[in-house]
Amino acid sequence: MKTSHLQPLYLALDLENKSQVLHFLEQHQLQGIPVKVGMELFYREGPIMIEELAKQGHPIFLDLKLHDIPTTVKRAMSNVAKLDVDVVNVHAQGGKHMIEAAREGLEQSSHNQRPFLLAVTQLTSTDESMLHHELLVKEKMTDVVGHYAGLAEQSGADGVVCSVHEVEAIKQTCGNSFLTLTPGIRHSSGENHDQKRSATPFKAGDIGSDSIVVGRSITQANDPLAAYQTFKEEFENGRQAARSTST
């Protein structure tokens, strides 16, 4: 049975293969937690990885960031919808017709409640300098992300994948019911890896993120279960602080 809301925290399974994933989750008592399956793991193991995780009760965010012509994306999403996943995504840069096609594909093949459809605005590895000098986009990052978020909303997406730093502007433009899922979550002392627009879990909750994604900060921790619980608690504390401020 699909949930009607995003899970607070999805653990990014940045592990090499199915046996490592299943061993890791069992070894650290992480059975049934929400997880993110990215392209590295999915391209190696395929749908059997999703089936195994779903069988064990894990809510799943399938993070493939589809970006192609509308017809191809529609057909791909039709296949994805037959898997037992809760969240899927596309690149917002694919444009209005592609996002609309993605939703059509999901609706055509979903047996029960369709997965949430999110659009990636800009990768958290993209900074202002890269945006201007490599991608030749002259507008400010916040303006670009806000434009893509509005486009995604108009095209039928349920929300966006964005950095914490753009959440407030997106909520102001698209409303509080428009979902924001934010990767790039680190403790202040943690390594950023490829993430250039990162934030702490408390900050993410306080600023209004609906959900966060955390990977290596948990999977590479000495005690992954404790790390998972800490990230989730700090995120929830941030959300509580935001609610207290608004009342």
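Position 1 is the first residue of the sequence; numbering continues from there. Since this is a predicted model, take the numbers as computed values, not measurements.
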Pairwise side-chain contact, Val160 with Tyr148, heavy-atom cut-off 4.5 Å (strictly under):
no

Can you tell whether the side chains of Lys55 and Glu52 come within less than 4.0 Å, N to carboxylate O?
yes

Dump the intermediate steps for side chain to side chain contact (heavy atoms under 4.5 Å, CB included) on Leu181 and Tyr10, then the final yes or no.
CA-CA 10 Å; Leu181 185 151; Tyr10 290 88; 4.2 Å; yes

Between Cys162 and Thr121 the two heavy atoms that sit nearest each other are CB-OG1, 3.6 Å

Side chain to side chain donor-acceptor pair (under 3.5 Å) against Glu134, all qualifying residues, sequence neighbours excluded
none

Between Asn89 (side chain) and Leu64 (backbone), is there a donor-acceptor pair under 3.5 Å?
yes

Given Leu41 and Leu15, is the side chain to side chain contact (heavy atoms under 4.5 Å, CB included) satisfied, shown in steps?
CA-CA 7 Å; Leu41 184 58; Leu15 299 163; 5.9 Å; no

Working note: Leu123 + His91, criterion side chain to side chain contact (heavy atoms under 4.5 Å, CB included); need CA distance, chi angles, decisive distance, verdict.
CA-CA 9 Å; Leu123 299 175; His91 266 296; 3.9 Å; yes

Answer yes or no: does atom NE2 of His97 have more than 12 heavy-atom neighbours from other residues, nucleotides or ligands under 6.0 Å?
no

Verdict with reasoning, Ser19 to Asn17, per side chain to side chain donor-acceptor pair (under 3.5 Å)
CA-CA 6 Å; Ser19 87; Asn17 55 47; 3.2 Å; yes

In the structure I gave you, are the side-chain heavy atoms of Leu25 and His58 within less than 4.5 Å of one another anywhere?
yes

So, taking the atom named CZ in Phe116 and the one named CG in Asp210, what distance separates them when rounded to the nearest 0.5 Å?
9.5 Å

Just by distance, no angles: are the side chains of Glu139 and His147 close enough, under 3.5 Å, to form a donor-acceptor pair?
no

Of all the heavy-atom pairs spanning Gly208 and Thr180, show the shortest one and how long it is.
O-OG1, 3.7 Å

Atom CZ in Arg239, atom CD1 in Ile207: separation rounded to 0.5 Å?
14.0 Å

Quick one, Tyr228 and Val214 - any side-chain contact, counting heavy atoms below 4.5 Å?
no

Connected via hydrophobic side-chain network under 4.5 Å: Leu136 and Met141
no

Considering only heavy atoms from C-beta outward, does the side chain of Ile212 approach that of Pro201 to under 4.5 Å?
yes

Using a 6.0 Å cut-off, check whether atom NZ of Lys171 has over 12 heavy atoms from anything other than its own residue.
yes

Sidechain-backbone polar pair: Thr182 side chain, Ser211 backbone, donor-acceptor under 3.5 Å
yes

Indicate yes or no: at least one non-hydrogen side-chain atom of Pro8 is less than 4.5 angstrom from one of Glu236.
yes

For a quick test of your reading: what N or O donor-acceptor pairs under 3.5 Å do the side chains of residues 29-40 make, sequence neighbours left out?
unit_1 : atom_1 : unit_2 : atom_2 : d
Lys36  : NZ     : Asp63  : OD2    : 3.0

How many angstroms lie between atom OG1 of Thr200 and atom CZ of Arg186, to the nearest 0.5 angstrom?
12.0 Å

Looking at every non-hydrogen atom in both residues, tell me the closest pair between Gly57 and Pro59 and how far apart they are.
O-CD, 3.3 Å

Contact summary for Ala54 and Ile60, nearest pair of heavy atoms
N-CD1, 3.8 Å

Distance-minimising heavy-atom pair for Phe178 and Ile170
CD2-CG2, 3.9 Å

Cluster check Ile69, Met77: I/L/V/M/F/W/Y, side chain < 4.5 angstrom:
no

Rounded distance (nearest 0.5 Å) linking atom CG of Leu106 with atom CG of Asn79
11.0 Å

Side chains of Leu22 and Gln56: closer than 4.5 Å at any heavy-atom pair?
yes

Heavy atoms of Val164 and Ser209 approach each other most closely as CG2-OG, 4.1 Å

Hydrophobic clusters here meaning ILVMFWY residues chained together by side-chain heavy-atom distances under 4.5 Å, can you tell me if Phe202 and Phe231 are in one?
no

Give a yes or no on whether Leu9 and Val85 share a hydrophobic cluster (residues Ile, Leu, Val, Met, Phe, Trp, Tyr; joining criterion: side-chain heavy atoms under 4.5 Å apart).
yes

Please step through side chain to side chain contact (heavy atoms under 4.5 Å, CB included) for the pair Met49 and Arg44, ending with a clear verdict.
CA-CA 9 Å; Met49 183 77 257; Arg44 179 181 178 110; over 6 Å; no

Apply side chain to side chain donor-acceptor pair (under 3.5 Å) to Ser109 and list each qualifying residue two or more places apart in sequence or on a separate chain.
Ser78

Taking atom CG of Leu225 and atom OG1 of Thr230, what is their separation to the nearest 0.5 Å?
9.0 Å

Quick check: is Leu62 connected to Ile48 through a chain of hydrophobic side chains (ILVMFWY, heavy atoms under 4.5 Å apart)?
no

Is any side-chain heavy atom of Ile99 closer than 4.5 Å to a side-chain heavy atom of Arg103?
no

Reported NE2-to-OG1 distance for the pair His132 and Thr126, which is rounded to 0.5 angstrom
12.0 Å

Does the side chain of Lys65 reach to within under 4.5 Å of the side chain of Val161, using non-hydrogen atoms?
no

Residues Arg75, Asp68: salt bridge by 4.0 Å N-O rule:
no

